There are 2 protein chains.
Amino acid sequence: MAPSHVFDAHPLVQKLESIFALADDEKAAILSMPMQVATLRADQDVVRVGDSPSRSCIILEGMTATYVSTSKGRRQIVSFGIMGDTPDLQSLLLEEMDNSLSTLTPCTLGFVQHAVLRDVCTRFPRIAAALWRSTLVDAAIFRAWMTSIGQREGYSRMAHLFCELVARKRAVGLVEEDRCAFPITQTELADALGMTAVHVNRVLQALRSDGHIVLDQGWLTVPDWDRLVAVADFDATYLHVKENRPAA
Amino acid sequence: MAPSHVFDAHPLVQKLESIFALADDEKAAILSMPMQVATLRADQDVVRVGDSPSRSCIILEGMTATYVSTSKGRRQIVSFGIMGDTPDLQSLLLEEMDNSLSTLTPCTLGFVQHAVLRDVCTRFPRIAAALWRSTLVDAAIFRAWMTSIGQREGYSRMAHLFCELVARKRAVGLVEEDRCAFPITQTELADALGMTAVHVNRVLQALRSDGHIVLDQGWLTVPDWDRLVAVADFDATYLHVKENRPAA
DNA sequence: CGACTCTTTGAATTTTGTCAAACTGAGTGG
DNA sequence: CCACTCAGTTTGACAAAATTCAAAGAGTCG
């Protein structure tokens with residue numbers, strides 16, 4: 001069998017390894033799943049409310065948004081997907097989508113048939129456990145967002161989101177030093193934070209002038225991580241990452 | 001083997017059956033799990049943030065609240081638990097609790113050791129799938145709450161919560177006609193909806209005077225379900241209940 | 001009857017949303 | 001190379017929603 005580190009090139013393996021220890025044969029099984037790779041432009045729907053997909057996707061590159069629309073034409077982004085995430089894995093067990101998924105940036109997605117996933121889960125119960133665990137972490141992230149939206153004012157609410165995204169990107173190696181890509185528009189931030197784009201803009205300026213963040217040209221820099229964590233009231237426990245230290 | 005309907009007396013069987021079809025031997029396996037039954041008074045913590053429980057509970061009677069506290073002393077109730085729910089099932093796969101669980105009313109809870117649950121999941125993969133599915137439904141409920149808190153104003157936000165709780169209670173047989181127990185205080189509603197108790201009180205009065213609800217002595221009556229659904233912008237799809245018709 | 005929690009009310013304030021418009025920078029085509 | 005478009009950002013003035021603070025009622029329980 002190939003040396004262990006070879007498997008880690010696969011984003012899903014890397015992601016699952018960040019929350020669950022996998023054996024080599026389990027990693028090999030994930031690697032061997034037939035996967036249809038597709039490239040999508042920005043702002044394309046991958047699945048929509050009401051769909052019943054027969055496959056789920058893995059984000060290989062790019063960023064996605066999961067969202068729910070209300071009848072009054074407003075939308076809540078309930079989650080951002082980054083490399084290694086499986087934003088519609090739920091469709092493996094829930095027939096009908098209760099949310100939509102779209103690309104935020106150009107994306108490379110890997111599609112795996114539910115039948116394949118089910119087969120791997122049967123043959124490797126620990127992979128099933130890892131996937132189950134990853135959906136539980138997703139749920140923990142939902143709880144954290146709900147807490148932010150419900151209880152924190154704009155300033156710390158936004159800081160909290162920045163902390164979470166940096167922590168999650170760090171867990172899959174997407175942060176260098178104190179800097180990472182941040183391709184999210186203010187309108188999208190507004191939809192995620194439950195505030196208006198105008199208000200997002202004002203809060204963003206406050207965070208900037210207080211020196212908590214530098215956000216420019218789609219890149220986010222956090223000059224002082226501990227200070228941002230403090231204003232955000234951020235505790236990374238809910239991400240259930242095995243290792244989450246600032247530097248690698 | 002005993003006739004099928006005998007198993008349905010177990011709240012967990014009834015709950016799982018509402019979202020997933022189980023075979024008789026699977027129901028029997030659930031019934032045979034050693035379960036320590038405990039009675040708790042209202043407002044008692046069952047598990048707290050940071051705990052690493054070695055068992056999970058099933059709500060046999062009463063109502064619970066899952067909540068997260070912020071450093072500023074505010075709390076967000078992220079979920080209400082009713083009969084049949086397993087509000088801390090996540091601890092089976094996530095070591096450290098990222099939320100707390102407490103009773104809202106006097107409760108009867110059944111505690112099952114994780115070792116027992118793991119064993120049943122191994123022997124009956126379809127039970128594992130049913131439990132996984134139930135955690136995915138919980139996540140869907142989180143998304144719906146987030147959407148409500150983030151995008152709906154107080155009036156429809158509260159109406160949405162009423163719809164959800166009635167629909168969920170109906171799915172486990174806790175609604176008679178258009179009426180069910182509703183033992184939640186206005187302060188607790190406020191913590192769940194991300195608003196203040198004062199504002200909850202005002203919105204509640206508006207909902208009452210508009211004839212959408214009757215809430216009195218811990219009982220909720222919905223005179224016109226369709227009208228409440230309309231103001232709440234409620235679509236029960238996200239509950240993924242196999243059967244969810246108003247009348248039984 | 002207290003003691004208690006829960007609900008209700010009023011008034012002033014703050015936060016956030018709405019509307020409308022101007023500005024910026026990247027890309028496009030004449 | 002210069003208008004031109006287009007998406008995204010920024011600004012100002014005003015309105016609406018929700019919070020805060022404070023206090024008074026109501027209902028329940030020992």
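Side-chain atoms are counted along with the backbone in the values below, which use heavy atoms only and exclude waters and symmetry mates. First the proteins, then the strands, lettered A, B, ... as listed; each starts at 1. For clarity, every value in this text was computed on a predicted model and none was experimentally measured.
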Legend entry - Closest listed nucleotide, where the reference is the side chain of A/T196 and the choices are D/dA18, D/dT19, C/dT18: C/dT18

Inset, instruction - Calculate the interatomic distance between A/Q186 atom CD and D/dT11 atom P; express it in whole Å. - result: 10 Å

Inset, instruction - Look at the side chain of B/R74 and decide which nucleotide, out of C/dG17, C/dT7, D/dT20, has an atom nearest to it. - result: D/dT20

Inset, instruction - Mind calculating the distance between CG (B/D191) and P (D/dT19) to the nearest angstrom? - result: 11 Å

Inset, instruction - Compute the ring centroids of B/F162 and B/F182, then answer whether they are less than 6.0 Å apart. - result: yes

Inset, instruction - Could you tell me whether the phosphate oxygens of C/dT8, OP1 or OP2, come under 4.0 Å of any side-chain nitrogen or oxygen in B/N201? - result: yes

Legend entry - First of A/M195 and B/R202 reached from the 5' end of DNA chain C, by closest nucleotide: B/R202

Inset, instruction - Would you mind reading off the distance between B/L207 atom CG and C/dT7 atom C1', rounded to a whole angstrom? - result: 16 Å

Inset, instruction - Give a yes or no on whether a salt bridge exists between B/K72 and A/D233, defined as a side-chain N under 4.0 angstrom from a carboxylate O. - result: no

Inset, instruction - Determine the interplanar angle of the A/Y238 and A/H160 rings, folded into 0 to 90°, and report it as parallel if under 30°, tilted if 30 to 60°, perpendicular if over 60°. - result: parallel

Legend entry - NZ/NE/NH1/NH2 to OD/OE distance under 4.0 Å, A/D88 and A/R55: no

Inset, instruction - Whole angstrom is fine here: how far is it from CZ in B/R41 over to C1' in C/dT5? - result: 16 Å

Legend entry - Toward the 5' end of DNA chain C, by each residue's nearest nucleotide, A/E153 or B/T185: B/T185

Legend entry - Any B/Q217 side-chain nitrogen or oxygen under 4.0 Å from OP1 or OP2 of D/dG27: no

Legend entry - Integer-rounded Å distance: C/dC4 P and B/D43 CG: 16 Å

Legend entry - Side chain of A/V198 - closest among D/dA17, C/dT8, D/dT11: D/dT11

Inset, instruction - Could you state the atom-to-atom distance from CG of B/D216 to C1' of D/dA26 in whole Å? - result: 12 Å

Inset, instruction - Tell me whether the guanidinium CZ or amine NZ of A/R170 lies under 6.0 angstrom from the six-membered ring centre of A/W225 and within 45° of its axis. - result: yes

Inset, instruction - Give a yes/no answer on whether the side chain of B/Q205 brings an N or O atom under 4.0 Å of OP1 or OP2 in C/dT7. - result: no

Inset, instruction - Using whole Å, report how far CG of A/L204 lies from C1' of D/dT11. - result: 15 Å

Legend entry - Under 4.0 angstrom between B/R208 side-chain N/O and C/dT8 OP1 or OP2: yes

Inset, instruction - Remember a base hit wins even if backbone is also touched, and classify A/G194 as base, sugar-phosphate or nothing at under 4.0 Å, heavy atoms. - result: sugar-phosphate

Inset, instruction - Take the protein atom CD of A/Q151 and the nucleotide atom C1' of D/dA18, then report the distance between them rounded to whole Å. - result: 13 Å

